[in-house]
Amino acid sequence: MGTTNKVKFTLPKTIRHQEARTVINNIVCELKARGELTVGDIPQLHRMATAYDSYLSCVEIIAEKGMTMRNLKGEEVKRPEANLLKENWAQYLDIAKEYGFTPRSKKMTKGTTESKEVTDADRFFSGE
């Protein structure tokens with residue numbers, strides 16, 4: 001891994017929501033505390049911040065205007081923001097899973113490091 005002390009993370013200026021800023025900054029702090037933040041993480045964290053910020057924008061629009069709208073033909077259709085909300089949440093969640101920030105991925109990463117049972121194959125390949 002690289003030296004984590006010298007890696008500096010700055011949120012993109014396009015992030016408008018304070019909630020997104022707080023969440024991503026907390027994630028960066030946790031990665032630093034674990035000693036896992038590297039320069040290669042910066043683009044992923046920017047992508048994660050942008051996806052979450054866009055998700056929050058879609059939530060605001062849907063909360064204000066509802067899930068449906070009338071198109072030019074006068075038909076009731078789902079708002080485009082509903083699809084964007086789903087896409088942005090999926091992108092945010094994919095990255096969060098990679099870093100072990102979902103409850104399930106956190107359990108999976110802890111389980112592999114804390115309670116690893118030594119098998120006969122492990123002993124054989126380690127020369128024990």
Side-chain angles (χ1 to χ4, degrees):
M1 284 198 220
T3 51
T4 57
N5 300 357
K6 295 181 182 183
V7 177
K8 182 162 171 50
F9 176 80
T10 306
L11 276 165
K13 292 181 185 197
T14 56
I15 306 304
R16 298 179 313 124
H17 295 90
Q18 184 58 43
E19 181 182 345
R21 292 179 166 284
T22 302
V23 167
I24 300 303
N25 281 330
N26 288 343
I27 287 172
V28 169
C29 288
E30 188 169 332
L31 287 171
K32 281 184 177 182
R34 288 194 232 165
E36 296 178 0
L37 184 66
T38 66
V39 173
D41 294 319
I42 302 301
Q44 284 288 74
L45 292 166
H46 280 192
R47 199 173 125 217
M48 190 177 194
T50 301
Y52 191 57
D53 192 61
S54 297
Y55 166 82
L56 292 173
S57 294
C58 292
V59 168
E60 286 176 353
I61 292 168
I62 290 170
E64 181 184 321
K65 298 181 179 182
M67 290 288 283
T68 59
M69 60 184 255
R70 295 223 177 262
N71 66 12
L72 294 175
K73 296 179 185 177
E75 303 165 329
E76 190 84 8
V77 295
K78 182 168 65 169
R79 297 192 76 73
E81 291 84 3
N83 291 333
L84 293 171
L85 178 133
K86 184 179 174 182
E87 290 172 17
N88 284 309
W89 183 252
Q91 186 175 56
Y92 170 83
L93 204 55
D94 284 344
I95 299 167
K97 286 176 187 175
E98 284 181 38
Y99 288 98
F101 288 116
T102 63
R104 184 175 177 162
S105 64
K106 190 178 289 189
K107 283 181 189 175
M108 293 174 75
T109 55
K110 281 185 179 178
T112 57
T113 57
E114 290 178 3
S115 62
K116 186 172 188 291
E117 194 174 309
V118 179
T119 64
D120 290 335
D122 292 330
R123 284 188 209 92
F124 175 78
F125 288 113
S126 67
E128 290 180 12

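In this structure, OG1 in Thr68 is found 12.5 Å from CD in Glu75, a value given to the nearest 0.5 Å. To the nearest 0.5 Å, atoms CD (Glu19) and OH (Tyr55) are separated by 8.5 Å. For the atom pair CD1 (Ile62) and CE (Met67), the distance works out to 5.0 Å, reported to the nearest 0.5 Å.
Nearest heavy atom pair, residue Arg79 against residue Gly66, reads CD-O, 2.6 Å. Nearest heavy-atom pair, Asn88 versus Ser54, reported as atom, atom and distance to 0.1 Å: ND2-CB, 3.4 Å. Nearest heavy atom pair, residue Thr50 against residue Pro12, reads OG1-CG, 4.4 Å. Nearest heavy atoms, Leu37 versus Val28: CD2-CG1, 4.0 Å.
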- Query: Checking side-chain contact (heavy atoms from CB on, under 4.5 Å) for the pair Val23/Tyr92: CA distance, chi angles, key distance, verdict?
  - Reply: CA-CA 11 Å; Val23 167; Tyr92 170 83; 3.6 Å; yes

- Met48/Leu45 under side-chain contact (heavy atoms from CB on, under 4.5 Å): CA gap, chis, key distance, verdict: CA-CA 5 Å; Met48 190 177 194; Leu45 292 166; 4.2 Å; yes

- Item | side-chain contact (heavy atoms from CB on, under 4.5 Å) between Thr14 and Asp53, worked out | CA-CA 9 Å; Thr14 56; Asp53 192 61; 6.0 Å; no

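Hydrophobic clustering (ILVMFWY, side-chain heavy atoms < 4.5 Å, transitive): Leu56 and Leu84 are in distinct clusters. One hydrophobic cluster, built from ILVMFWY side chains closer than 4.5 Å, cannot hold both Trp89 and Ile61; they sit in different ones. Both Ile15 and Leu93 are members of a single hydrophobic cluster when ILVMFWY side chains are connected at heavy-atom separations under 4.5 Å.
Side-chain contact between Glu81 and Lys65 is absent, with no heavy-atom pair separated by less than 4.5 Å. Residues Phe101 and Asn26 are not in side-chain contact: their nearest non-hydrogen atoms beyond the backbone lie 4.5 Å or more apart.
Under the 3.5 Å distance criterion, with hydrogens and angles disregarded, a donor-acceptor pair is assigned to the side chains of Thr38 and Asp41. For the residue pair Arg21 and Gln18, no side-chain donor N or O sits within less than 3.5 Å of a side-chain acceptor on the partner.
Taking the centre and axis of the six-membered ring of Tyr99, the NZ or CZ atom of Arg47 falls outside the cone set by 45° and 6.0 Å.
Not one N or O on the side chain of His46 forms a donor-acceptor pair closer than 3.5 Å with the backbone of Phe9.
Salt-bridge check for Glu76 with Arg70: passed, with a basic side-chain N closer than 4.0 Å to an acidic carboxylate O.
With a 4.5 Å cut-off between side-chain heavy atoms of Ile, Leu, Val, Met, Phe, Trp and Tyr, the cluster of Met69 takes in Val77.
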